[in-house]
There are 2 protein chains.
Amino acid sequence: MEPGNISGRTLADRAFEWLEEAIIKGDYPPEFRLDEGALAKSFGISRGPVREAIRRLEGKKLVERVPHIGARVTSLTDSDLVELFFVREALEGMACRLATERMSDEDLQALSALLEGHASSGALKAGESYYQRPGDFDFHFRIIQGSRNPKLIAMLCDDLYHLLRIYRYRSSSRRGRASQALKEHRSIVKAMLARKPDLAEHEMRAHLQHARLAIQPPPKKNDPSVDD
Amino acid sequence: MEPGNISGRTLADRAFEWLEEAIIKGDYPPEFRLDEGALAKSFGISRGPVREAIRRLEGKKLVERVPHIGARVTSLTDSDLVELFFVREALEGMACRLATERMSDEDLQALSALLEGHASSGALKAGESYYQRPGDFDFHFRIIQGSRNPKLIAMLCDDLYHLLRIYRYRSSSRRGRASQALKEHRSIVKAMLARKPDLAEHEMRAHLQHARLAIQPPPKKNDPSVDD
DNA sequence: GTTTTTTCAACTGTTGACAATACGGCGGCG
DNA sequence: CGCCGCCGTATTGTCAACAGTTGAAAAAAC
């Protein structure tokens, strides 16, 4: 009824959305302490709804809580990031396969146009933009949506991408990765236009493998990260 | 310090674990209404911690909440289940690939032994057990653990499997699927023993595709379940 | 008899107060 | 000089009471 009312109807929901956005935007960096009292005061509400919002974020793995200590914004180690890229490779490969089968010719043409538009707009002139940027994000986002699988879309867009954005790119992306990424994107679109799901999935996974290797420390003799 | 202290240290954490287990076990079926007051009284605590537990379950997508109405246990439609099987195929395929590269020879031998033990114990005599049963679960569980990728393990074991268990198998699994599943499991182990990651992933994905098709209504002229 | 309105009980949303716990500083003591 | 325990403060955990909303039964109108 009240359209412009606001985002969430309850205070707890609004606090959740506020916090989630602040975390994703980077206003609250990793390890940032979420002080219930301070947050409540800054929102002009009581601690109850704030606590509920934090519990919801905890379920979403955006914050980590320790009883009697407090909640902090989730922090991703380098190996966490690499692990998540394996997950992303699996999920987005599947999304690309499904998109290849399910996207309309029009949508595929639009995707291709988007790609070439970015390519020619000189956005990657410095070899810095595009990759890990809105252009790159749009491209992947459209393909994911094209999978028409709501669960898959939610996992990638609502969960995984948010998690990845928490990571503040510590290692500068490799030089030349931007133009390389563009080439790989073209290969993906080509396979999609040819309606070859197997190939499209393979190209997407190769693309994400390269992205992972660009951030992954070179394989040392013995990997200290494995212990269970 | 005190390991055997108890499950969760705070009431909210214990309520969360209690509710999560009840949902996963099926004590609280899909669509079951979570009455804060009633739950609080049955736990012997106040509504505050119960609300926090529910918010955490909401973040985990185990319950769905509507403001001012209440929370209900998540209900999966048939198409939801099919969508989740695509996700499972992607993730568990990747897990199987990584497990093939990372599991020790001993662990692989143990996996093979587990499989043959189940096969010979007459557990699948009636063609009813094994598939969608502890034996099947153990098999997949071990492979997932073998991936040594904590994020992947958490997504599969802590999130996806719990979601899948919510679904109360409405369509009885096809006759003969049990022995078929066993054959497929053998193919997977064979590929893993041969240390062929590509093949292992392929076999696992084929296995899960078959499982999906067994639950997926055969492609009819017009499917009444699809409406978006 | 059917439809509309009103009332009401049950539940959720929110708050402020109180209890319990962790952390840091202070002083005592070996 | 350094270690240990005490204590105060700040923050989290829990509770009970209050306010607002919903949905349905009961009452009124047609």
Side-chain angles (χ1 to χ4, degrees), chain A residues 1-20 22-23 28-75, chain B residues 1-20 22-23 28-75:
Chain A
M1 301 304 182
E2 291 72 7
N5 200 338
I6 353 107
S7 30
R9 317 263 279 293
T10 75
L11 295 182
D13 289 339
R14 279 199 276 172
F16 169 80
E17 290 168 16
W18 177 271
L19 286 174
E20 185 183 35
I23 291 172
Y28 295 165
E31 297 291 326
F32 185 82
R33 172 82 190 289
L34 296 182
D35 183 323
E36 297 172 5
L39 290 173
K41 218 159 49 171
S42 85
F43 293 164
I45 61 179
S46 73
R47 279 177 50 219
V50 173
R51 282 178 66 85
E52 292 179 20
I54 291 177
R55 289 320 262 254
R56 215 170 132 191
L57 291 168
E58 182 189 5
K60 254 196 149 188
K61 297 186 203 289
L62 279 175
V63 309
E64 290 167 351
R65 246 190 67 261
V66 181
H68 295 118
I69 303 293
R72 291 181 178 278
V73 175
T74 295
S75 171
Chain B
M1 303 299 184
E2 291 72 6
N5 199 335
I6 353 131
S7 30
R9 315 262 280 294
T10 75
L11 296 182
D13 289 339
R14 278 198 276 172
F16 169 81
E17 289 167 17
W18 177 272
L19 287 175
E20 186 184 34
I23 291 172
Y28 295 165
E31 298 290 325
F32 184 82
R33 171 82 189 289
L34 297 181
D35 184 322
E36 297 173 3
L39 290 172
K41 215 158 52 169
S42 85
F43 294 164
I45 62 180
S46 74
R47 281 176 50 219
V50 174
R51 282 179 66 86
E52 293 180 19
I54 290 177
R55 287 322 257 257
R56 215 171 132 189
L57 291 168
E58 182 189 6
K60 254 196 149 189
K61 297 188 203 288
L62 279 175
V63 309
E64 291 167 348
R65 248 191 65 262
V66 180
H68 294 124
I69 303 295
R72 290 181 177 279
V73 175
T74 295
S75 170

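Every chain is numbered from 1 and lettered A, B, ... according to where its sequence line falls, protein lines coming before strand lines. Just the heavy atoms: all of them, side chains too, but no hydrogens, waters or symmetry mates, feed the values below.
- Taking a cutoff of 4.0 Å between a charged side-chain nitrogen and a carboxylate oxygen, B/Glu52 and B/Arg55 do not qualify as a salt bridge.
- In this model, no side-chain donor or acceptor of A/Arg9 finds a partner on the base of C/dG13 within 3.5 Å.
- Distances from the side chain of B/Glu36 to the nucleotides D/dT14, C/dC11, C/dG13 place C/dG13 closest.
- Using a 4.0 Å cut-off, no side-chain N or O of B/Arg47 falls inside it from OP1 or OP2 of C/dA10.
- Residue contacts shown for B/Gly48 are absent, as no nucleic acid heavy atom lies under 4.0 Å away.
- In the set D/dC15, D/dT22, C/dG13, the nucleotide with an atom closest to the side chain of B/Arg51 is C/dG13.
- Contact between the side-chain N/O atoms of B/Arg33 and the OP1/OP2 oxygens of C/dT12 is found at a separation under 4.0 Å.
- The side chain of A/Arg65 contributes no N or O atom lying less than 4.0 Å from OP1 or OP2 of D/dT11.
- Atoms CZ and CG, from A/Arg65 and A/Leu34 in turn, are 11.5 Å apart once rounded to the nearest 0.5 Å.
- What separates NE2 of B/His68 from P of C/dA9 is a distance of 21 Å, to the nearest Å.
- If you check every strand for non-hydrogen atoms under 4.0 Å, A/Ile54 touches nothing.
- Listed for the B/Thr74 side chain is a donor-acceptor partner under 3.5 Å among the backbone atoms of B/Lys61.
- Looking at which nucleotide of DNA chain C each of B/Gly37 and A/Ser46 is closest to, the 5′-most match is held by B/Gly37.
- The nearest whole Å value for the distance from the CD atom in A/Glu52 to the P atom in D/dC15 is 15 Å.
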